[in-house]
Amino acid sequence: MLHVTLPRALTLALALTLALALVVPVAGTSSFVLPSERMGWTAASVFPAAIPTISIDLDLAPEDRWTAAVGDMLKNHGFENSFGHIVQFWNKALPSILGDAVDDIAASLEDYVPAEYAAEMKGLHAALVAAGHADAMPFSRLVALNLLYEFTTACTSIVSRDAAGATWHSRNLDWTFDGFSLANLTVIAQFTSGGKVQYESITWVGYVGVLTGMAHNVFSVTIDQRTSHSYLEILRNLERMKHDGAQSVVLAARSALASATSFDAAVHALSTAPLAAEVYFIVGGADADQGCVITRTYTGVDHGLYCMPHGRTAPWFVLETNYDYWKAAPSRDDRRAVASAAMTALGGPAGVNATSLWGIMQTPGSKFHTRGVLNSLTQYTVIMSPTTGHFAGWVWQ
Ligand SMILES: *[C@@H]1O[C@H](CO)[C@@H](O)[C@H](O)[C@H]1NC(C)=O
Ligand SMILES: *[C@@H]1O[C@H](CO)[C@@H](O)[C@H](O)[C@H]1NC(C)=O
């Protein structure tokens, strides 16, 4: 077969050429839009469930860190009700042109992601193979899950300050798995070393990057999507990981949690890491008035940092959805206006606490067809405080 005898780089180059050919004639609709992103903007008609907490021991070899979590997941829910949804989702949603690229990446993962995280992904897969799911769970599907950000997402994140000066960071993760719920895979992972929690994250068992995380007394971080990509751009971004030392954005966030010892160091790391995709990093710090939105390009920060106390509508919070802060948001998806109005209604820092923020994150859209803070794509909600250590999450199933 042609594609197995070609060197990998050439295969990707060929894929790029094909993508160009596919994308150009349909320029207006070339973004990678997963099927259920076309769903309505109404609030999810579901109830939130508490998210279980697991422990990941960083003192173990990376290959072994997730083995117990995989075993527990299989014991609690069985393969079909957990990891099976990842496979079914990709079987339906992954365009073959990206599927081929992901197969390539899975075959030489260390060329694309840091060795430690590649080893965690391999260990996760090995645990599934050991449990008899080798055929049902191809490694490339697990790798594709870990590259999900590079494909698509959307979200709302808010950093605010309470009357005591504590920083609060709340977020909804809006994402679609096209009817294949990852609710059972959703966990609060506490990454420990020497028996102490170093940092924690809301994630899926199978996903080693960080979309939502916190290191107590240091900083909290969430990732919101910036720009959606054409197939051509996605393939180019994947190539950046191999040739330009660019990192997957969720692994850059995890590296920052693993190594930054201050809010400033975290902001610096997240402002400068070469990335494989554009993104918003929303960062809260343990001290009063430490909250910034970092609007990332591949190599730097666009339009400077947007930080407290220079919030758009009030000095005590900054808010990001999926649009550049210096631009208007589209009226059909003005979650920024919906969330800003709800925050402003709290009246100031005295109105900020875990309970009131939980209410904010459930604000519905308006009857004028603006999408709500809570909407049909919301997968989970988290309220965290790097100042107090509060870290709580609910999954919408
Ligand atoms: C979660 O797992 C249970 C079995 O433990 C199953 O009944 C349920 O349908 C699963 N839910 C989802 C959303 O996959
Ligand atoms: C949280 O703040 C709200 C006002 O936003 C207030 O009504 C409520 O009593 C506060 N709850 C706690 C536990 O302080």
Side-chain angles (χ1 to χ4, degrees), residues 50-58 65 117 149 153 155-162 164-173 186-205 207-224 249-271 273 279-294 307-308 317-320 352-355 357-358 360-361 379-395:
I51 300 175
T53 298
I54 65 165
S55 187
I56 301 294
D57 186 355
L58 295 169
R65 290 175 186 165
Y117 302 135
Y149 177 84
T153 62
C155 308
T156 299
S157 298
I158 305 171
V159 179
S160 57
R161 168 165 70 74
D162 71 14
T167 305
W168 290 87
H169 192 153
S170 44
R171 83 104 97 245
N172 279 355
L173 181 86
T186 308
V187 291
I188 294 176
Q190 296 189 323
F191 295 84
T192 65
S193 177
K196 285 206 186 108
V197 177
Q198 305 296 307
Y199 55 92
E200 52 199 316
S201 165
I202 293 201
T203 192
W204 302 290
V205 175
Y207 193 87
V208 311
V210 167
L211 285 158
T212 303
M214 181 177 92
H216 184 190
N217 277 330
V218 190
F219 76 103
S220 53
V221 60
T222 55
I223 281 175
D224 287 9
V249 300
V250 297
L251 295 179
R254 179 153 169 207
S255 296
L257 282 169
S259 60
T261 53
S262 69
F263 172 76
D264 289 342
V267 169
H268 179 75
L270 294 170
S271 298
V279 68
Y280 303 104
F281 289 120
I282 300 88
V283 189
D287 293 342
D289 283 335
Q290 290 185 329
C292 289
V293 175
I294 306 172
C307 300
M308 291 194 290
F317 70 90
V318 289
L319 187 156
E320 177 56 56
V352 174
N353 56 48
T355 312
L357 290 174
W358 170 235
I360 298 287
M361 301 320 285
Q379 302 287 329
Y380 65 70
T381 298
V382 60
I383 312 286
M384 53 190 173
S385 171
T387 316
T388 68
H390 183 98
F391 194 94
W394 296 265
V395 63

Looking only at non-hydrogen atoms, find the nearest pair between Met384 and Ser220 and report the distance.
CE-CB, 3.9 Å
If you compare all heavy atoms of Trp168 against all heavy atoms of Ala354, which two are closest, and at what distance to 0.1 Å?
CZ3-CB, 3.8 Å
Between the main-chain N or O of Thr167 and the side-chain N or O of Thr387, is there a donor-acceptor pair closer than 3.5 Å?
yes
If we only count heavy atoms from C-beta on, is the [X] to [Y] side-chain gap below 4.5 Å?
X      : Y      : answer
Val197 : Thr192 : yes
Met361 : Ile383 : yes
Asp224 : Arg171 : yes
Glu320 : Thr222 : no
Arg65  : Phe191 : no
Val250 : Tyr117 : no
Val208 : Leu251 : yes
Leu357 : Val352 : yes

What distance separates [X] [atom1] from [Y] [atom2], expressed to the nearest 0.5 Å?
X      : Y      : atom1 : atom2 : value
Arg161 : Phe317 : CZ    : CZ    : 12.0 Å
Ser385 : His216 : OG    : NE2   : 7.0 Å
His390 : His169 : NE2   : NE2   : 13.0 Å
Ile202 : Ile51  : CD1   : CD1   : 4.0 Å
Phe391 : Thr53  : CZ    : OG1   : 8.5 Å
Leu58  : Gln190 : CG    : CD    : 11.5 Å

For Thr203 and Val187: C-alpha separation, side-chain torsions, deciding distance, then whether side chain to side chain contact (heavy atoms under 4.5 Å, CB included) applies.
CA-CA 6 Å; Thr203 192; Val187 291; 4.1 Å; yes
Check residues 256-268 and write down every donor-acceptor pair under 3.5 Å in which the side-chain atom is one partner and the other belongs to a residue at least two apart or another chain.
| from | atom 1 | to | atom 2 | distance (Å) |
| --- | --- | --- | --- | --- |
| Ser259 | OG | Ser255 | O | 2.8 |
| Ser262 | OG | Ala265 | N | 3.0 |

If we check side-chain hydrogen bond (donor to acceptor under 3.5 Å, both in side chains) with Tyr380, which of these qualifies: Thr186, Thr212, Asn172?
Thr212
Using atom types as modelled, flag every donor-acceptor pair under 3.5 Å from a side chain in residues 279-288 to any protein atom, sequence neighbours excluded.
| from | atom 1 | to | atom 2 | distance (Å) |
| --- | --- | --- | --- | --- |
| Tyr280 | OH | Tyr323 | O | 3.4 |
| Tyr280 | OH | Asp324 | N | 2.8 |
| Tyr280 | OH | Asp324 | OD1 | 2.6 |

Residue pairs, two or more places apart or on separate chains, that pass salt bridge (Lys or Arg N to Asp or Glu O under 4.0 Å) and touch residues 251-260:
Glu120-Arg254
